[in-house]
A.B. asks: 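Dropping a structure here in structure tokens format, bear with me for questions.
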Amino acid sequence: MGSASPGLSIMPSSRLLLTPDTVLRTDLEKVAGVSVGPERQDWSPSPPATPDQGLSTFYLSYFDMLYPEDSSWAAKCPGVSTREEPPKEPEQCPVIDSQAAGGSLDLSQGGLALEEHSLEQVQSMVVGEVLKDIETACKLLNITSDPVDWSPGNVQKWLLWTEHQYRLPPVGKAFQELGGKELCAMSEEQFRQRSPLGGEVLHAHLDIWKSAAWMKERTSSGALHYCASTSEESWTDSEVDSSCSGQPIHLWQFLKELLLKPHSYGRLIRWLNKEKGIFKIEDSAQVARLWGIRKNRPAMNYDKLSRSIRQYYKKGIIRKPDISQRLVYQFVHPI
DNA sequence: CAATAGGAAGTCC
DNA sequence: GGACTTCCTATTG
């Protein structure tokens, strides 16, 4: 049989007749624009006050994490608006321009050089970051990056995770029993029918995943760097291997993964002293919840999670720091 | 009152 | 059997 319905495989590719980052960008804009709620997600910069600030904020947050040391230039970098291809999505550009509208092109000196190379580079970096985020989520959830391959269980995990990440209203059982193929075949309208409040955003997020999977497959021929490249500064090779091979993830690995993505999880858990491996759990309930999603343990809570951490004391994996503080732990072997 | 500590038994791969 | 998970009691800040 035709197995994967034609539309399924054609859809992403037809969309990607445009450059990959154009497509992703469109999805990103959608997600950012649509999901702007009273309480935006955790991607660091200040919550947008208006819908069109949402997009800028969305991008800037990525600039932020690309240039954590000096994000000031990005904050006033309307260079973003000097796009070369306005013909394509005219109505989406003004949104980006909203920052420039404020005037103040501070690109006078040094800015020009930046402007020259920045746009495309920044765009590809942003896309790269999105792809990395997806890889991270895959690791944390133990699901494949291509939604088409998801089991109904995987779909539920992804839904729970995405809900949590972007503070979407719970979909409950609206998508129960759906596998990845069915999910991917659904239109935005169908998403909205199943989940009137968050369906549209969920669909946009899924779209990003689909695009990413398509891009990944397209470039996979020579590229096996994917897994390892996701956590630049992180573990040793052997550790990367274990987290890439779909083996059950250990709690300490999970915690480290969260710690490696401060722009996504910094409000839940963060380094107090990265060199020494000291970290603080800022939101114990949420960290436990994510761990529960990962392990399919809906009843997981901080009481149980912390008991697991305490098992690490004996094993010499995690300990309490010399100066014990609430919710602060230390990896015995940092880096 | 939530966090910490650790024993004990159960589950899951 | 290892790596949690679940439950529980006692202690601490």
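Letters A, B, ... mirror the listed sequences (proteins, then strands); counts begin at 1.
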A.B. asks: Pick the nucleotide of DNA chain C nearest each of A:K315 and A:R310; which residue has the one closer to the 5' end?
C.D. replies: A:K315
A.B. asks: Would you say C:dC4 has OP1 or OP2 under 4.0 Å from some side-chain N or O of A:W291?
C.D. replies: no
A.B. asks: Hey, is the main chain of A:K320 close enough, under 3.5 Å, to the side chain of A:S324 for a donor-acceptor pair?
C.D. replies: no
A.B. asks: Calculate the interatomic distance between A:F254 atom CZ and C:dT5 atom C1'; express it in whole Å.
C.D. replies: 15 Å
A.B. asks: Determine the interplanar angle of the A:F175 and A:F191 rings, folded into 0 to 90°, and report it as parallel if under 30°, tilted if 30 to 60°, perpendicular if over 60°.
C.D. replies: tilted
A.B. asks: Measure the acute angle between the ring planes of A:W158 and A:W150, then classify it against the limits of 30° and 60° as parallel, tilted or perpendicular.
C.D. replies: tilted
A.B. asks: Validate the cation-pi geometry between A:K280 and A:Y329: distance from NZ or CZ to the six-membered ring centre under 6.0 Å, angle to the ring axis within 45°.
C.D. replies: no
A.B. asks: Is it true that A:R192 and A:E188 have a side-chain N and a carboxylate O under 4.0 angstrom from each other?
C.D. replies: yes
A.B. asks: Near DNA chain B, under 4.0 Å by heavy atom, which residues of residues 295-307 of chain A?
C.D. replies: A:R297, A:Y302, A:R307
A.B. asks: Quick check for you: to the nearest 0.5 Å, what is the distance between A:K274 atom NZ and A:L260 atom CG?
C.D. replies: 6.0 Å
A.B. asks: Is there a donor-acceptor pair closer than 3.5 Å between any side-chain N or O of A:Q330 and the backbone N or O of A:F279?
C.D. replies: no
A.B. asks: Which part of the nucleic acid, if any, lies within contact of A:S324, taking any heavy atom under 4.0 Å across all strands shown: a base, the sugar-phosphate backbone alone, or nothing?
C.D. replies: nothing
A.B. asks: Rounded off to whole Å, could you give me the CG-to-C1' distance for the A:N142 and C:dA3 pair?
C.D. replies: 15 Å
A.B. asks: Could you tell me the boundaries of the chain A footprint on DNA chain B, defined by atoms under 4.0 Å from its heavy atoms?
C.D. replies: B:dA2 to B:dC12
A.B. asks: Write down the distance between CG (A:L251) and P (C:dG2), rounded to a whole number of angstrom.
C.D. replies: 18 Å
A.B. asks: Expressed as a whole number of angstroms, how long is the span from A:W252:CH2 to C:dA3:P?
C.D. replies: 11 Å
A.B. asks: Answer yes when A:E282 and A:R267 have at least one side-chain N-carboxylate O distance shorter than 4.0 Å, and no when they do not.
C.D. replies: no
A.B. asks: Which sits closer to the 5' end of DNA chain C, A:S308 or A:R326, going by the nucleotide each is nearest to?
C.D. replies: A:S308
A.B. asks: Quick one: does A:Y312's side chain have a donor or acceptor within less than 3.5 Å of a partner on A:W252's backbone?
C.D. replies: yes
